[in-house]
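Here the structure is a predicted model, which means the values were calculated and not measured.
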Amino acid sequence: MKKPFIIYTYDYSPGVGGIKVMHKLCDLLNKNGYESYLMPIHIREDFYVCDDYDTPLITQEILDDLDNAIVIYPEGIKYNPLNAKNVVRWILGPPRTEDTITYSKSDLIYWYMDYYYIESLGYKENILQISEFHDNIFKNIGNKRNGSCYSIRKANPKQLIHPNDSIFIPFNSAGDLTSLSELFNKTERFYCYDNYTFLHTQAAMCGCLSIVVPDGVKTKEEWLEGSPLHKYGIAYGEDDISRAIETLPLLFKEIENQKNKMVEQTIKFANNCNNLFI
């Protein structure tokens, strides 16, 4: 018997990647023959969901039988707020030691991508990479281009390399997808100081030269191998620009490949959880 999934998350926000993929996973599980619900981290009346997703909120009936459900926590949730028997930790970003030391040894670990992996948690083979590409919005519309833009987000750069007249993208602007696409379609370059955001892919999809500024933690090789979406059309440092330009057409093939893989990984993930949590 398949156990229902409970995804512990904040309400939907198109500009916050970690939240968006939690909702997307709920949608994919429901659309592929599994039972999945959202459990709001903060209970309040105006909990937002995406109208395009199949993401029902948790029912009291499911909560009353929590031992027969599977709870998915993002990496930043400490301990086990729902006191669940069957717990999955989905590592959606670089894990912090102060969070991971509160996990139980019985928790099942899944990584968003290899780039975040740390040996202390193990389960390196467990990858669940869910994305929402919005490729109907992020596309090259053939505009004349001029200048550049940049984003810092969660980074703490030691040196800024973008031009002085570069357009700054504030953290909270990532949710305005249409405006972002317009910006990426009118500028020549995008300087991305946050190595973990999806903005660098969205910029490349719009034909804007996307330059990820190395953070000094990962080598170029480690960054390229961290995610299939890092491999093409995105420069890791300014000395990588020629490779990014040459490989940009491959990015769109990889996006289609990732769409198919998302479904495969979701089904594999769900079956693995149900087989392990008996």
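Within the 3.5 Å criterion, the main-chain N or O of Asp67 finds a donor-acceptor partner in the side chain of Asn86. A distance-only check finds no donor-acceptor pair linking the side chain of Asn257 to the backbone of Lys253 [under 3.5 Å]. Although no hydrogens or angles enter the test, the distance criterion places a donor-acceptor pair under 3.5 Å between the side chain of Asn140 and the main chain of Gly142. Checked by atom type and distance alone, the side chain of Thr219 pairs as donor or acceptor with a backbone atom of Glu222 at under 3.5 Å. No donor-acceptor distance shorter than 3.5 angstrom exists from the side chain of Asp54 to the backbone of Asp27, with no hydrogens or angles considered. At least one donor-acceptor pair closer than 3.5 Å links the side chain of Tyr103 to the backbone N or O of Glu75. Distance alone, capped at 3.5 Å, places no donor-acceptor pair between the Tyr8 side chain and the Leu82 backbone. A donor-acceptor distance shorter than 3.5 angstrom exists from the side chain of His230 to the backbone of Trp223, with no hydrogens or angles considered. The closest donor-acceptor contact from the side chain of Thr100 to the backbone of Thr97 lies under 3.5 Å. Distance alone, capped at 3.5 Å, places no donor-acceptor pair between the Ser181 side chain and the Leu177 backbone.
Aromatic ring centroids of Tyr48 and Tyr12 lie 6.0 Å or more apart. A distance below 6.0 Å separates the ring centres of Tyr116 and Tyr196.
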Pairs under 3.5 angstrom only: tabulate donor-acceptor contacts from the side chains of residues 199-213 to other protein residues two or more places apart or in another chain.
{"residue": "His200", "atom": "NE2", "partner": "Thr197", "partner atom": "O", "Å": "2.8"}
{"residue": "Ser210", "atom": "OG", "partner": "His200", "partner atom": "O", "Å": "2.8"}

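At most 12 heavy atoms of other shown residues, nucleotides or ligands fall within 6.0 angstrom of atom CG in Asp51. For Lys259, the NZ atom sits in a packed shell: over 12 heavy atoms of surrounding residues, nucleotides or ligands are nearer than 6.0 Å. More than 12 heavy atoms of other residues, nucleotides or ligands shown are found within 6.0 angstrom of CZ on Phe171. Other residues, nucleotides and ligands place more than 12 heavy atoms under 6.0 Å from the CG atom of Asp64. A 6.0 Å sphere centred on NZ of Lys78 holds more than 12 heavy atoms belonging to other residues, nucleotides or ligands. Summarising the local packing, NZ of Lys3 is surrounded by more than 12 heavy atoms from other residues, nucleotides or ligands at distances under 6.0 Å. For Lys124, the NZ atom sits in a loose shell: 12 or fewer heavy atoms of surrounding residues, nucleotides or ligands are nearer than 6.0 Å. Counting heavy-atom neighbours within 6.0 Å of Glu61 CD, excluding the residue itself, gives a total of 12 or less.
Both Ile70 and Leu276 belong to a common hydrophobic cluster when Ile, Leu, Val, Met, Phe, Trp and Tyr are linked at side-chain heavy-atom distances under 4.5 angstrom. In the hydrophobic clustering of ILVMFWY residues, with side-chain heavy atoms under 4.5 Å counting as a link, Leu92 and Val88 come out together. Residues Phe138 and Leu251 fall within the same hydrophobic cluster, defined by Ile, Leu, Val, Met, Phe, Trp and Tyr side chains chained together at heavy-atom separations under 4.5 Å. Leu229 is connected to Leu248 through a chain of hydrophobic side-chain contacts under 4.5 Å among Ile, Leu, Val, Met, Phe, Trp and Tyr, so both are in one cluster.
Salt-bridge check for Lys261 with Glu254: failed, with every basic side-chain N at 4.0 Å or more from each acidic carboxylate O. Ion pairing of Lys24 with Glu132 is present here, as a side-chain N (NZ or NE/NH1/NH2) and a carboxylate O approach within less than 4.0 Å. The pair Lys139-Asp135 does not count as a salt bridge, with every side-chain nitrogen at least 4.0 angstrom from each carboxylate oxygen. Here Asp107 pairs with Arg89 in a salt bridge; the nearest charged N to carboxylate O distance falls below 4.0 Å.
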Handout entry: From CA spacing to verdict: side chain to side chain donor-acceptor pair (under 3.5 Å), Glu256, Asn260
Key = CA-CA 7 Å; Glu256 292 305 314; Asn260 294 327; over 6 Å; no

Exercise for the section: Determine, step by step, whether Tyr117 and Glu119 satisfy the side chain to side chain donor-acceptor pair (under 3.5 Å) criterion, reporting the C-alpha distance in whole Å, the side-chain angles of both residues, the deciding distance to 0.1 Å, and the verdict. Expected result: CA-CA 7 Å; Tyr117 175 75; Glu119 190 174 352; 5.8 Å; no

Practice task
Show your working on side chain to side chain contact (heavy atoms under 4.5 Å, CB included) between Asn146 and Thr187 and close with a plain yes or no.
Solution key: CA-CA 5 Å; Asn146 182 52; Thr187 49; over 6 Å; no

Exercise for the section: Could you please spell out the steps behind the side chain to side chain contact (heavy atoms under 4.5 Å, CB included) verdict for Met39 and Tyr37? Expected result: CA-CA 6 Å; Met39 173 67 191; Tyr37 302 89; over 6 Å; no

Exercise for the section: Go through Tyr73 and Asn80 one step at a time and tell me if the side chain to side chain donor-acceptor pair (under 3.5 Å) criterion holds. Expected result: CA-CA 8 Å; Tyr73 293 126; Asn80 183 356; 2.5 Å; yes

Exercise for the section: For Tyr10 and Phe47, run ring-ring contact (aromatic ring centres under 6.0 Å, His included): C-alpha distance rounded to whole Å, both residues' side-chain angles, the deciding distance at 0.1 Å, then the answer. Expected result: CA-CA 8 Å; Tyr10 297 97; Phe47 185 86; 9.0 Å; no

Exercise for the section: Apply side chain to side chain donor-acceptor pair (under 3.5 Å) to the pair Asn272 and Asn275, showing each step before the final yes or no. Expected result: CA-CA 5 Å; Asn272 188 36; Asn275 289 334; 5.6 Å; no

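With sequence neighbours left out, the salt bridge (Lys or Arg N to Asp or Glu O under 4.0 Å) criterion links Arg243 to Asp240. Listed by chain and number, the residues in a side chain to side chain donor-acceptor pair (under 3.5 Å) with Ser166 are Ser148 (sequence neighbours excluded).
Under 3.5 Å, the side chains of Asn274 and Asn271 contain no donor-acceptor pair of N or O atoms. For the residue pair Glu125 / Tyr123, no side-chain donor-acceptor distance below 3.5 Å is found, with atom types taken as modelled.
Nearest heavy-atom pair, Cys149 versus Leu183, reported as atom, atom and distance to 0.1 Å: CB-CD2, 3.9 Å. The nearest pair of heavy atoms linking Lys186 to Ile167 is CE-CD1, 4.5 Å.
Exactly one of Ile7, Asn83, Leu66 qualifies for a side-chain contact (heavy atoms from CB on, under 4.5 Å) with Val71. That residue is Leu66.
Ring geometry for His162 versus Tyr150: interplanar angle under 30°, hence parallel rather than tilted (30 to 60°). Using a 30° and 60° split on the angle between ring planes, Phe269 and Tyr110 fall in the perpendicular class, above 60°.
A distance of 12.5 Å separates SG in Cys50 from CG in Asp11, rounded to the nearest 0.5 Å. To the nearest 0.5 Å, atoms CG (Leu121) and CH2 (Trp111) are separated by 4.5 Å. Separating the CZ atom in Arg96 from the CD1 atom in Ile101 is a distance of 11.0 Å, to the nearest 0.5 Å. In this structure, OG1 in Thr102 is found 9.5 Å from CD1 in Ile77, a value given to the nearest 0.5 Å. Atom-to-atom distance recorded for Leu29:CG and Lys2:NZ is 10.0 Å, nearest 0.5 angstrom. To the nearest 0.5 angstrom, Ile241 atom CD1 is 12.0 Å from Glu246 atom CD.
A heavy-atom distance below 4.5 Å is found between the side chains of Leu128 and Trp90.
In this structure, Lys218 satisfies the cation-pi test against Tyr115, with its NZ or CZ atom closer than 6.0 Å to the six-membered ring centre and inside 45 degrees of the ring normal. Remark: Lys220 is not positioned above the aromatic ring of Tyr236, lacking an NZ or CZ atom under 6.0 angstrom from the ring centre and at most 45 degrees off the axis. Lys85 forms no cation-pi arrangement with Phe277, by the criterion of a distance under 6.0 Å to the ring centre and an angle within 45° of the ring axis.
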